[in-house]
Amino acid sequence: MSAADRKAPSDFIRDIVREDLRANKNDGRVVTRFPPEPNGYLHIGHAKSICINFGIALENKAGVCHLRFDDTNPSKESTEYTESIESDVRWLGFDWGSHLYYASDYFGKLYQYAVELIEDGKAYVCSLTTDEIREYRGTLTEPGKDSPYRTRSIEENLDLFERMRKGEFKAGSHVLRAKIDMASPNLNMRDPVFYRIKHESHHRTGDKWCIYPMYDFAHCLSDSIEGITHSICTLEFEDNRALYDWILDQLKVNCHPQQIEFARLNLSHTVLSKRKLLELVEGGYASGWDDPRMPTISGFLRRGYTPEAIRNFCERIGVAKSNSVVDIALLEHCIRQDLNLRAPRVMAVLRPLRVVIDNYPEGKVEQLDAENNPEDPSMGRRKIPFSRVVYIEQDDFREDPPEKFFRLTPGREVRLKHAYYVKCERVVKDKGTGQVAEVHCRYDPETRGGWSQDGRKVRGTLHWVSATHALEAEVRLYDHLFTKRDPYDVEEGFDFKANINPNSLEKLISCLVEPTLAGARPGTRYQFLRQGYFCVDSVDSRDGAPVFNRIVSLRDSWAKIERAQKKSPLGQPKP
RNA sequence: UGGGGCGUGGUGAAGCGGUAACACAGCGGACUUUGGAUCCGCCACUCGGAGGUUCGAAUCCUCCCGCCCCAGCCA
């Protein structure tokens, strides 16, 4: 609705799907899946995968996308995570219908498949220690060597595997391994481990199992069981594809999905790895997974991003196989584009400067008419109170204005948005600090609404709030989590945390917002005129004490001019 | 001197033998009761490099260079 409809996305994966459909490869079916491990919160990298998998399903008449939890490692997983993942995927706007699955649902079947492999002499119980297995694996350039247990008889393997399942052995004493090729140049094929012993409760199967399948064994078979046609994953699994195919070939299953890999998303000025994000949370650098600065789905939600903007972003970054880093400016562009059309405009003064309009009658109040969104007249109009004392932004007044500054300055006339032209007559300074404490103006009663009768123009239009009517609010300004485009670009001996932006959060506690914001519901988004888009924080807001999160600032060409002036001495104000 | 991938403008990305889309960023300008939005222009004689095939190559071939992934009983 917000963003104009674009042509359907096209990329190499969709090309494959289209070609398979044309060749009737899967009887016209298109079944994809989004398979997160419930060991953390989803971030925008997952959103890319979600948009690809659910997107492809949605684009095809017979398309379906499953949500499957890849919960094969009980030590790291919990229902807290499955719940957050479900809610995040839903928030993004996708629906898996009845297709919610868990790899743990297949533990019984998977066990049977493993037995089948043993019976065929294609898997064996290995009793080497972890260290020994590593040593026997060889290196990138040297072949591995066979485990001494590789020649155990089928009967012994069957017996041992069953006893592993029954809990007769302690963790680490045995594993089930595929019998493939210890000299394979692909390390994944050097007799990979399929099952390990873990005497740990699983968040869904409890203590029913004490052996758990590894990713490589569980994933391809879960895909096969579910009738997945296209198993789309990220690039680091390219080498695992040979194993994926090997397992399905050995077991002669009737569904053999095609694994296709794409490059994972990297975003500038942030990190996108569950481990690193966890580190930020645990180290107190972020207040939680839903800290508005976090690149998590829950972080974006709390910050005020819309699902539409995130989906649009995921569509615009494309799908390819080269490692790349998308500039976070594109994400910011997407949310601005969306909110420009949908967010009602209001006035809020973040750093107030008192302005007294000397010729405006004391005690008089006018209700002025204001449009809610110039982009969309259907959003209506509202009344805002105006009185003798108003507050404007400190930045909107300069006693000694630099070049190209056309806001308020002594002797200059500007417009108060929707109100009147005012002209600065004098300033009152704080005796102690010498700072401007108050600005005195005269208004022109003939300019009500902000239009002059005589056609004279002003360069500046300022937002303001009426002193006696404004509401106090806390506003939180966010900046990038990291100062560098690449957080990993650090000096020898430091890690990514050395690049954390110390100013990524600025809390302003005495902001003044127009009274129409009284009772603003958590999660509501506004454009604070001339400043940016803001969202009522859903965690810290209280009745009568709203907290606003800045989602993203407006583009600020004055800031650019100012920056350029600082760089070039020629642009300095004239004495 | 193991294997698997990838190299197109600042960034992402099309292109699939016929003479470099699009988007973000940036830079100009118009317009403007948001220095917002909108509009209009500019921004790769060249596709990691070198050879070769061809009337014609980012696209095909050869060699070279660079970057990423793999040595978890993680996923």
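Naming: A, B, ... by sequence-line order, numbering from 1 per chain.
- Under a 4.0 Å N-O distance rule, the pair A:Lys321/A:Glu236 does not qualify as a salt bridge.
- Taking every heavy atom of residues 178-189 of chain A and every atom of RNA chain B, pairs under 4.0 Å involve A:Pro185, A:Leu187, by number.
- When heavy atoms are screened at a 4.0 angstrom cut-off, A:Pro374 is found touching base atoms of the nucleic acid.
- Listed candidates were B:rC74, B:rG12, B:rG35. Nearest to the side chain of A:Ile561 is B:rG35.
- One N or O donor and one acceptor, one from the side chain of A:Arg407 and one from the base of B:rG35, sit under 3.5 Å apart.
- Among the heavy atoms of the strands, none lies under 4.0 Å from A:Phe313.
- Residue A:Val175 is classed as a base contact, given a heavy-atom separation below 4.0 Å to a base.
- When the side-chain nitrogen and oxygen atoms of A:Arg241 are compared with OP1 and OP2 of B:rC70, none of them lie within a distance under 4.0 Å.
- Nearest to the side-chain atoms of A:Thr139 among the listed nucleotides B:rU34, B:rA71, B:rA37 stands B:rA71.
- Nucleotides B:rC22 and B:rG4, compared at atom C1', are 31 Å apart to the nearest Å.
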**OP:** Any chance you could lay out the side chain to side chain contact (heavy atoms under 4.5 Å, CB included) test for A:His480 and A:Ile328, step after step, and finish with the verdict?
**Re:** CA-CA 9 Å; A:His480 301 148; A:Ile328 201 165; 3.4 Å; yes
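- A salt bridge does not link A:Asp376 to A:Arg342: none of the charged side-chain nitrogens sits closer than 4.0 Å to a carboxylate oxygen.
- Note: NE2 (A:His199) to P (B:rC73) measures 18 Å, nearest angstrom.
- In this entry the distance linking CD1 of A:Ile335 with P of B:rA37 reads 14 Å, nearest Å.
- We find that A:Arg407 and A:Asp395 are not joined by a salt bridge, their nearest charged nitrogen and carboxylate oxygen being 4.0 Å or further apart.
- Of all heavy-atom pairs spanning A:Asn373 and A:Leu341, the tightest one is ND2-O, 3.3 Å.
- Taking a cutoff of 4.0 Å between a charged side-chain nitrogen and a carboxylate oxygen, A:Lys383 and A:Asp369 qualify as a salt bridge.
- Under 4.0 Å is where a charged nitrogen must lie from a carboxylate oxygen, and between A:Lys179 and A:Asp191 no such pair does.
- Among the atoms of the strands shown, only primed sugar atoms or phosphate atoms (P, OP1, OP2) are found under 4.0 Å from some heavy atom of A:Lys321.
- One cannot find a donor-acceptor pair under 3.5 Å joining the base of B:rU11 and the side-chain atoms of A:Arg485.
- Of the candidates B:rG35, B:rG12, B:rC74, the closest approach to any side-chain atom of A:Trp558 belongs to B:rG35.
- Checked for salt-bridge contact, A:Arg311 and A:Glu315 miss the test: no charged N lies under 4.0 Å from a carboxylate O.
- Residue A:His219 contributes atom NE2, which lies 11 Å from atom P of B:rA75 at whole-angstrom precision.
- Listed by chain and residue number, A:Arg456 satisfy the side chain to side chain donor-acceptor pair (under 3.5 Å) test with A:Asp444 (two or more places apart in sequence, or in another chain).
- Here the closest non-hydrogen pair linking A:Glu77 and A:Asn39 is CG-CB, 4.4 Å.
- Helical stems in RNA chain B, defined as runs of 3 or more consecutive Watson-Crick or G-U wobble pairs with donor-acceptor distances under 3.5 Å: B:2-7 with B:65-70, B:10-12 with B:22-24, B:26-30 with B:38-42, B:48-52 with B:60-64.
- Residue A:Arg345 places none of its side-chain N or O atoms closer than 4.0 Å to OP1 or OP2 of B:rG36.
- The pair A:Glu514-A:Arg382 meets the salt-bridge criterion, with a side-chain N (NZ, NE, NH1 or NH2) lying under 4.0 Å from an Asp/Glu carboxylate O.
- Applying the 90° criterion around 0 to the glycosidic angle, B:rG72 comes out syn.
- Residue A:Tyr195 is out of contact with every strand shown, counting any heavy-atom pair closer than 4.0 Å.
- Taking the C1' atoms as reference points, B:rA30 lies 16 Å from B:rG36, given to the whole Å.
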With B for base contact, S for sugar-phosphate-only contact and - for none (protein heavy atoms under 4.0 Å), nucleotides 24-32 of chain B reads S-SS-----
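- The separation of B:rA37 from B:rA75, taken at their P atoms, amounts to 47 Å, rounded to a whole angstrom.
- Residues A:His219 and A:Arg33 have side chains in contact (heavy-atom distance under 4.5 Å, counting atoms from C-beta outward).
- Within the nucleic acid shown, A:Leu128 comes within 4.0 Å of at least one base atom, counting heavy atoms only.
- Under the 4.0 Å criterion applied to side-chain N and carboxylate O atoms, A:Arg163 and A:Glu168 are assigned as salt-bridge partners.
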Check the pair A:Asp105, A:Arg68 against salt bridge (Lys or Arg N to Asp or Glu O under 4.0 Å), reporting the backbone distance first and the verdict last. CA-CA 10 Å; A:Asp105 286 344; A:Arg68 179 173 73 237; over 6 Å; no
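- Salt bridge A:Glu366/A:Arg448: present, at least one basic N to carboxylate O contact under 4.0 Å.
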Under 3.5 Å, which donor-acceptor pairs link side chains of residues 138-149 of chain A to any protein atom two or more places apart or in another chain?
residue  : atom : partner  : partner atom : Å
A:Thr139 : OG1  : A:Thr141 : N            : 3.2
A:Thr139 : OG1  : A:Glu142 : N            : 3.1
A:Ser147 : OG   : A:Tyr149 : N            : 3.0

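- In the interface, the side chain of A:Glu375 is paired with the base of B:rG36 through a donor and an acceptor atom under 3.5 Å apart.
- One N or O donor and one acceptor, one from the side chain of A:Asp239 and one from the base of B:rG3, sit under 3.5 Å apart.
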Would you tabulate the pairs of protein nitrogen or oxygen atoms and nucleotide nitrogen or oxygen atoms of nucleotides 64-68 of chain B closer than 3.5 angstrom?
residue : atom : partner  : partner atom : Å
B:rC68  : O2'  : A:Asn323 : ND2          : 3.2

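- Comparing the C1' positions of B:rG9 and B:rC43 gives an interatomic distance of 8 Å, to the nearest angstrom.
- Considering only side-chain atoms of A:Ser324, the nucleotide from B:rC73, B:rA75, B:rA13 that sits closest is B:rA13.
- Each of A:Glu236 and A:Ser10 has a nearest nucleotide on RNA chain B; the 5'-most of these lies closest to A:Ser10.
- What separates CZ of A:Arg177 from C1' of B:rG72 is a distance of 13 Å, to the nearest Å.
- Base engagement by A:Asn240 is indicated by at least one non-hydrogen atom pair under 4.0 Å involving a base atom.
- Across the P atoms, B:rU46 and B:rA58 are found 11 Å apart, a figure rounded to whole Å.
- You cannot call A:Tyr215 stacked on the base of B:rA75; the centres under 5.5 Å and planes under 30° rule is not satisfied.
- A salt bridge links A:Asp327 with A:Arg485: the closest approach of a Lys/Arg side-chain nitrogen to an acidic carboxylate oxygen falls below 4.0 angstrom.
- Heavy atoms of A:Val325 sit under 4.0 angstrom from primed sugar atoms or phosphate atoms, though from no base atom.
- You'll find a donor-acceptor pair under 3.5 Å spanning the side chain of A:Gln527 and the base of B:rU34, going by distance alone.
- Of the candidates B:rA75, B:rG12, B:rA14, the closest approach to any side-chain atom of A:Phe237 belongs to B:rA75.
- Residue-level contact check: A:Tyr212 touches neither bases nor backbone, having no heavy atom under 4.0 Å from any strand.
- As rounded to whole Å, 15 Å separates atom C1' of B:rG3 from atom CG of A:Leu235.
- Contact annotation: A:Arg196 reaches the phosphate of B:rC74 (side-chain N/O to OP1 or OP2, under 4.0 Å).
- A sub-4.0 Å separation between OP1 or OP2 of B:rA75 and a side-chain N or O of A:Thr72 is present.
- Whole-Å rounding puts the A:Asn373 CG to B:rA37 C1' distance at 10 Å.
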